2 protein chains.
Amino acid sequence: MIIEQKLVAALRGHKMKITPQRRFIFQALERGMYRHPTAEDIFRDVRQTLPDISLTTVYNTLRELVGMGLLRQVDLGEGMTRFDPNTDLHHHLLCMRCGRLEDIYIRFPCIALPADQTQGFTVTNHQVIFEGICPDCQIQPA
Amino acid sequence: MIIEQKLVAALRGHKMKITPQRRFIFQALERGMYRHPTAEDIFRDVRQTLPDISLTTVYNTLRELVGMGLLRQVDLGEGMTRFDPNTDLHHHLLCMRCGRLEDIYIRFPCIALPADQTQGFTVTNHQVIFEGICPDCQIQPA
DNA sequence: GTGAGTGCAAAATGTTTGCACTGGG
DNA sequence: CCCAGTGCAAACATTTTGCACTCAC
């Protein structure tokens with residue numbers, strides 16, 4: 001319930017309404033936490049308990065959470081956006097064949113942009129995506 | 001002409017046909033080399049000299065080049081894919097406000113996944129995306 | 001001459017929008 | 001009671017597909 005409580009508190013802090021839809025979306029995020037769900041994944045999950053929820057509401061809520069910095073958006077060129085409720089600094093390991101995505105918890109202290117290389121940008125964040133082939137796909141014929 | 005020649009040679013190597021459409025796409029890539037163009041960008045560029053080219057052909061050609069490893073695909077969650085004709089190992093610096101994308105030519109020797117952290121994956125590649133705000137967007141009101 | 005490549009239109013996919021209705025505060 | 005939030009349908013944007021035609025080899 002950690003995620004749900006955190007998100008509900010954040011909504012309160014932003015004076016936003018705590019609707020059943022949002023609550024169930026938070027629970028789905030909690031359940032799918034290490035699965036990097038898409039909007040569609042969340043939709044399907046919430047639908048099981050709230051059959052009339054609309055995909056629009058899911059998109060709206062996810063967008064708001066991203067805007068508040070409570071959800072990380074992960075884009076991998078699969079044609080859809082995945083969401084990561086784990087906002088701790090971590091990196092990703094992507095299977096190029098099946099799309100499986102795992103978390104990597106290593107710090108790379110050397111990843112920092114020297115001031116003379118920022119081209120005037122204010123850098124706020126960085127992410128590393130490791131690309132490869134997962135164990136399952138290595139076994140299967142290409 | 002470096003890019004065009006390289007790509008034409010690659011096509012020959014793969015016994016693929018060198019059509020005018022492909023040639024112009026290569027030239028457009030060459031011209032937009034440091035601009036990380038989208039398929040649409042290439043389409044608009046080539047259209048100026050080859051008004052009847054179809055977007056389908058552009059997509060086909062770009063997909064083939066990516067498949068042959070001659071073009072890098074860059075995904076940033078903007079709803080479209082950008083292509084980077086520069087296949088040298090380099091990283092990216094993205095403006096979160098306007099989408100401007102710059103190249104970063106630094107090596108981060110520490111970015112390597114220890115064998116006990118690969119979760120069985122065969123890692124072939126990695127990319128770093130630095131996120132921030134570009135100089136122009138810093139000046140303008142949010 | 002032949003099949004890879006092309007162009008067009010249509011479809012598929014993922015996401016956003018307009019708008020009337022509803023219910024949390 | 002009021003407006004943020006919701007649901008629906010339609011719109012939108014990007015990319016893919018089916019298929020007949022064409023042209024590089």
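Note that the structure is predicted; figures quoted are calculated from it, not measured. Every chain is numbered from 1, with letters handed out A, B, ... down the list of sequences.
Distance CD (A:Q73) to C1' (C:dT15): 11 Å, rounded to an integer number of Å. One atom, CD of B:Q21, and another, C1' of C:dA4, lie 12 Å apart when rounded to the nearest Å. Distance, B:R44 CZ to D:dA13 P: 13 Å, rounded to whole Å. Across the protein-nucleic acid pair, B:L11 atom CG and D:dC23 atom P stand 19 Å apart, rounded to whole Å. One can place CG of B:L50 at 13 Å from C1' of C:dG5, the figure rounded to the nearest angstrom. Between the P atom of C:dA9 and the OH atom of B:Y59 lies a distance of 17 Å, rounded to the nearest Å. Between the P atom of D:dC3 and the NZ atom of A:K15 lies a distance of 17 Å, rounded to the nearest Å. At whole-Å resolution of the value, CD1 in B:I53 and C1' in D:dC23 are 15 Å apart.
When heavy atoms are screened at a 4.0 angstrom cut-off, B:L55 is found touching base atoms of the nucleic acid.
Of the two residues contacting DNA chain D, namely B:K17 and A:T57, the nearest-nucleotide position lying further toward the 5' end is that of A:T57. In this structure, A:T56 and B:R82 both approach DNA chain D, and ranking their closest nucleotides by distance from the 5' end singles out A:T56.
Considering only the side chain of A:A39, C:dT15 comes nearest among C:dT15, D:dT6, C:dT6. Closest approach to the B:M80 side chain among C:dG25, C:dG3, D:dT14 is made by D:dT14 (side chain taken as heavy atoms from C-beta onward).
For the side-chain contact (heavy atoms from CB on, under 4.5 Å) criterion with A:R100, the lone passing option out of A:D136, A:L93, A:I133 is A:D136. With B:F83 as the partner, the side-chain contact (heavy atoms from CB on, under 4.5 Å) test is satisfied by one option alone out of B:I42, B:V74, B:V66: B:V66.
Cysteines B:C134 and B:C98 are not disulfide-linked, with SG atoms at least 2.5 angstrom from each other.
No donor-acceptor contact under 3.5 angstrom links the side chains of A:T57 and A:N60, judged on distance only. A:D84 and A:H90 share a donor-acceptor pair across their side chains, judged by distance under 3.5 Å alone.
Side-chain N/O atoms of A:R12 include none lying less than 4.0 angstrom from OP1 or OP2 on C:dG25. Between C:dT15 and A:T81, a contact under 4.0 Å exists linking OP1 or OP2 to a side-chain N or O. The side chain of A:R63 places no N or O atom within less than 4.0 Å of a non-bridging phosphate oxygen (OP1 or OP2) of C:dT15.
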